[in-house]
**Q** 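Here's a structure for you.
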Amino acid sequence: QVRLVESGGGSVQAGGSLRLSCAVSGYTTSNYYLGWFRQAPGQNREGVAAFYTAMGAKVYADSVKGRSTVSYDNAKYTLYLQLSNLEPADTALYYCASTTTRQTGLSLLDARTYNVWGQGTQVTVSS
């Protein structure tokens, strides 16, 4: 069974940084898609960044592009999201997600793309 376990969240001041981790286990293939999503109370779940292990391809949401980096450590089977210059608007529960196949017509930043999810890690940014 594929499992995703997030860690690295915390409470920081605006302008600070965090690195979130997502430990991946259970895959028998080396090619899969990984994504970071976030959700604040009363808000829709939104895509933050995505990564494709086969090509090392990356995509970012406009809200974090330029101050975030998604990466994957093949040796550690761990997905990372480096967030810098954090803003109060970044406050949310952050999830990692994965799938082995694309869904026709859906972006990798669309939550409907994914079928495996972690439990989430909380990021709180104070002004």
Side-chain angles (χ1 to χ4, degrees):
Q1 181 178 2
V2 176
R3 291 182 179 181
L4 307 173
V5 181
E6 302 95 335
S7 62
S11 182
V12 298
Q13 291 281 338
S17 62
L18 285 172
R19 189 178 74 163
L20 308 182
S21 300
C22 174
V24 181
S25 64
Y27 270 123
T28 57
T29 178
S30 60
N31 300 331
Y32 39 86
Y33 300 91
L34 296 163
W36 283 103
F37 293 80
R38 64 188 183 186
Q39 188 167 27
Q43 302 293 318
N44 293 325
R45 186 170 298 187
E46 66 170 334
V48 178
F51 187 91
Y52 183 40
T53 62
M55 302 297 295
K58 305 173 183 179
V59 294
Y60 297 94
D62 289 341
S63 59
V64 301
K65 191 173 184 179
R67 58 188 186 92
S68 65
T69 302
V70 64
S71 60
Y72 186 71
D73 188 326
N74 291 290
K76 296 181 178 180
Y77 299 99
T78 301
L79 179 75
Y80 299 99
L81 180 67
Q82 177 71 40
L83 295 169
S84 301
N85 194 24
L86 287 162
E87 307 166 352
D90 295 317
T91 296
L93 187 64
Y94 283 71
Y95 300 90
C96 62
S98 187
T99 188
T100 58
T101 58
R102 293 290 303 275
Q103 303 297 315
T104 301
L106 297 180
S107 166
L108 289 177
L109 296 179
D110 190 319
R112 293 173 293 177
T113 294
Y114 301 90
N115 58 7
V116 181
W117 293 83
Q119 293 299 116
T121 185
Q122 180 68 39
V123 172
T124 302
V125 184
S126 59
S127 60

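Below, each value reflects all heavy atoms present in this structure, side chains not excepted, and no hydrogens, waters or symmetry copies. Numbers for residues simply follow the sequence, beginning at 1.
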**Q** Where do V116 and L4 land on the side-chain contact (heavy atoms from CB on, under 4.5 Å) test, with the steps shown first?
**A** CA-CA 8 Å; V116 181; L4 307 173; 4.0 Å; yes
**Q** Who passes salt bridge (Lys or Arg N to Asp or Glu O under 4.0 Å) against R3, sequence neighbours left out?
**A** none
**Q** Quick one: closest heavy-atom pair of V64 and R38, and the distance?
**A** CG1-NH1, 4.0 Å
**Q** I'd like to know if the side chain of T113 and the backbone of Q103 have a donor-acceptor N/O pair within less than 3.5 Å.
**A** no
**Q** Residues two or more places apart in sequence or in another chain: which of them pass ring pair (Phe, Tyr, Trp, His ring centres under 6.0 Å) with Y94?
**A** none
**Q** Where is the tightest heavy-atom contact between Y27 and T100, given as atom of each residue plus distance?
**A** CE2-CG2, 3.5 Å
**Q** Going from CG on L83 to OG on S17, what distance comes out if it is rounded to the nearest 0.5 angstrom?
**A** 8.5 Å
**Q** How close do N31 and A54 get, counting heavy atoms only, and between which atoms?
**A** OD1-CB, 3.5 Å
**Q** Can you tell me how far the OG atom of S68 sits from the CG atom of L20, to the nearest 0.5 Å?
**A** 10.5 Å
**Q** Counting only heavy atoms not in Y77 (residues, nucleotides, ligands), do more than 12 fall under 6.0 Å from its OH?
**A** no
**Q** Could you tell me how the ring of Y72 sits relative to the ring of F51: parallel (under 30°), tilted (30 to 60°) or perpendicular (over 60°)?
**A** tilted
**Q** Say you draw a straight line from CZ of R67 to OG of S84; how long is it, rounded to the nearest 0.5 Å?
**A** 8.5 Å
**Q** Hey, could you give me the CG/CD distance between L18 and Q82, rounded to the nearest 0.5 Å?
**A** 8.0 Å
**Q** For atom CZ of R112, is the number of surrounding heavy atoms from other residues, nucleotides or ligands below 6.0 Å larger than 12?
**A** no
**Q** If hydrophobic residues (ILVMFWY) are linked whenever their side-chain heavy atoms come closer than 4.5 Å, directly or via other members, who joins W117 in its cluster?
**A** Y33, F37, Y52, M55, V59, L93, Y95, L108, L109, Y114
**Q** Quick one: closest heavy-atom pair of C96 and E6, and the distance?
**A** N-OE2, 2.8 Å
**Q** When you look at CD of Q119, are more than 12 heavy atoms from neighbouring residues, nucleotides or ligands closer to it than 6.0 Å?
**A** no
**Q** Output yes when a side-chain donor or acceptor of K58 lies under 3.5 Å from a complementary backbone atom of V70, and no otherwise.
**A** yes
**Q** Roughly how far, to the nearest 0.5 Å, is the CG atom of L81 from the OG1 atom of T69?
**A** 8.0 Å
**Q** Give the cluster check for V48 versus V123: same hydrophobic cluster or not, with ILVMFWY residues linked at side-chain heavy-atom distances below 4.5 Å.
**A** yes
**Q** Does W36 belong to the same Ile/Leu/Val/Met/Phe/Trp/Tyr cluster as V2, with side-chain heavy atoms less than 4.5 Å apart forming each link?
**A** yes
**Q** Roughly how far apart are C22 SG and L34 CG, rounded to 0.5 Å?
**A** 6.5 Å
**Q** Show the nearest heavy-atom pair for residues A61 and G47, with the distance to one decimal.
**A** CB-O, 3.3 Å
**Q** Could you pull out the closest heavy-atom pair between A111 and R45, with the gap in Å?
**A** CB-CD, 4.4 Å
**Q** Before you tell me yes or no, could you show the steps for V24 and T78 under side-chain contact (heavy atoms from CB on, under 4.5 Å), namely the whole-Å CA-CA distance, both residues' side-chain angles and the distance that decides it to 0.1 Å?
**A** CA-CA 6 Å; V24 181; T78 301; over 6 Å; no
